[in-house]
Enquirer: 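One structure, pasted below without further comment.
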Amino acid sequence: MKKTTLILGACGQIGTELTLTLREKYGNDAVVATDIKEPALAELKNGPFEILDASDAAGLRAVCEKYNVGTVYHLVAMLSATGEKFPMKAWDLNMQSLLHALELAKENIIDKIFWPSSIAVFGPTTPKRNTPQQTIMEPSTVYGISKLAGERWCEYYYNKYGVDVRSIRYPGLISWKSQPGGGTTDYAVEIYYKALEEGKYTSFLSEHRALPMMYMEDAIRATIELTEAPSDQVKVRSSYNLAGISFDPATIGASIQKLMPEFELDFAPDFREEIAASWPESIDDSAAQADWNWTPKYDLDSMTEAMLSNLKTKLQLS
Ligand code: SER
């Protein structure tokens, strides 16, 4: 039986697009989608779909054996803003599900794992601009603590047991097919919906609070390129910095106004402002560029164009 690819968290913001992209590439039956809930998007059932709680070790093992899984894309996590409301739940979910997958790879039940880390691994003491691959990491959110611990476990399983695990520190991800949930960077998705639906938006981050972001198409390409790179090119086994596009709410607002001059933006920062203030403004991703030839395609204005035109069709606005 041919090896298959397993997606954990296939109904989420990244999982949805990764499942669709990998099925297009390898065929519907080659990619097994799983999530704790039924998909809202019927398209996700155009190949195998299983309900699976990724923190259920026995359930995960059974799915890996049933489908002869080779590669696991582990995209299950509670993000930064929700994590602050449910710290223990975030820690349990984020850590247990990763450790179960690492154990399966150690036992050679699966061959390879992709697991995402985040800019949230950095903290208030990290250099804010052009943040290096290796630097001070003192995260102040539960989400960031869980991602940093996860990075350490990934590297540990690689060094100790030869587990082939690969990871990216995603910036905030901006997408139109599926929405994020519970993150601090979510404003940069909401803003496009509100621009089209209401012509105005109130940002929950302040005007000049810059963060690293990336258009989903670039993030999916990075994910697949890293996961499919020859093993000897993958020199970082904790997690790679990925830069993307850095901007603040005022600047994304101005980018929207180039296409929608009547768009109005104001600011009412809430508790997420403090989380954002602890993260970098921009990232140095020279290691990803050097090791597996990473280059992004989208800048802020091309992303704005793509978001507005795709969302217009999706929301059936003319
Ligand atoms: N998008 C994430 C968040 O805001 C950062 O990785 O939590």
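We count ligands from 1, going down the list as the structure has it; atoms in each ligand are counted the same way. Treat the numbers as computed from the prediction; the structure is a model and nothing was measured. By convention here, the first residue in the shown sequence is residue 1. Just so you know, these numbers use all the heavy atoms, side chains as well, and skip hydrogens, waters and symmetry mates.
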Enquirer: Look at Glu84 together with Arg272 and state whether they make a salt bridge at an N to O cut-off of under 4.0 Å.
Expert: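 Between Arg272 and Glu84 there is no salt bridge, as every charged N stays at least 4.0 Å from the carboxylate O atoms.
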
Enquirer: Tell me, which protein residue and heavy-atom name are nearest atom 4 (O) of ligand 1, and how many Å apart are they?
Expert: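 Minimum-distance protein heavy atom for atom 4 (O) of ligand 1 reads Thr184 N, 2.6 Å.
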
Enquirer: Salt bridge or not between Lys194 and Glu190? Use side-chain N to carboxylate O under 4.0 Å.
Expert: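 Not counted as a salt bridge, because no side-chain N and carboxylate O are separated by less than 4.0 Å.
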
Enquirer: Would you mind listing which atoms of ligand 1 come within a distance below 4.0 Å of any non-hydrogen atom of Leu79?
Expert: 7 (O)

Enquirer: Do NZ/NE/NH1/NH2 and the carboxylate oxygens of Lys177 and Glu43 come within less than 4.0 Å?
Expert: no

Enquirer: Please identify which of these residues, Lys112, Arg166, Glu228, meets the side chain to side chain contact (heavy atoms under 4.5 Å, CB included) condition with Thr71.
Expert: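 Among the candidates, only Lys112 passes.
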
Enquirer: Atoms of ligand 1 less than 4.0 Å from Ser118 heavy atoms?
Expert: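 Counting atoms of ligand 1 from 1, those under 4.0 Å from Ser118 are 5 (C), 6 (O).
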
Enquirer: Test your reading of the structure: does Thr185 have an N or O sitting under 3.5 Å from an N or O of ligand 1?
Expert: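 Yes; at least one N/O pair falls below 3.5 Å.
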
Enquirer: Show which atoms of ligand 1 fall inside a sub-4.0 Å distance from at least one heavy-atom site of Ser80.
Expert: 3 (C), 4 (O), 7 (O)

Enquirer: Between Arg129 and Glu281, does any side-chain N to carboxylate O distance fall below 4.0 Å?
Expert: yes

Enquirer: Any salt bridge linking Asp218 with Arg221? Criterion: basic side-chain nitrogen under 4.0 Å from a carboxylate oxygen.
Expert: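 Yes, this pair counts.
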
Enquirer: Could you list the atoms of ligand 1 found under 4.0 angstrom from a heavy atom of Gly183?
Expert: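 Answer, ordered by atom number: 3 (C), 4 (O), 7 (O).
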
Enquirer: With a heavy-atom distance limit of 4.0 Å, tell me whether Tyr187 approaches ligand 1 through its side chain, its backbone, both, or neither.
Expert: neither

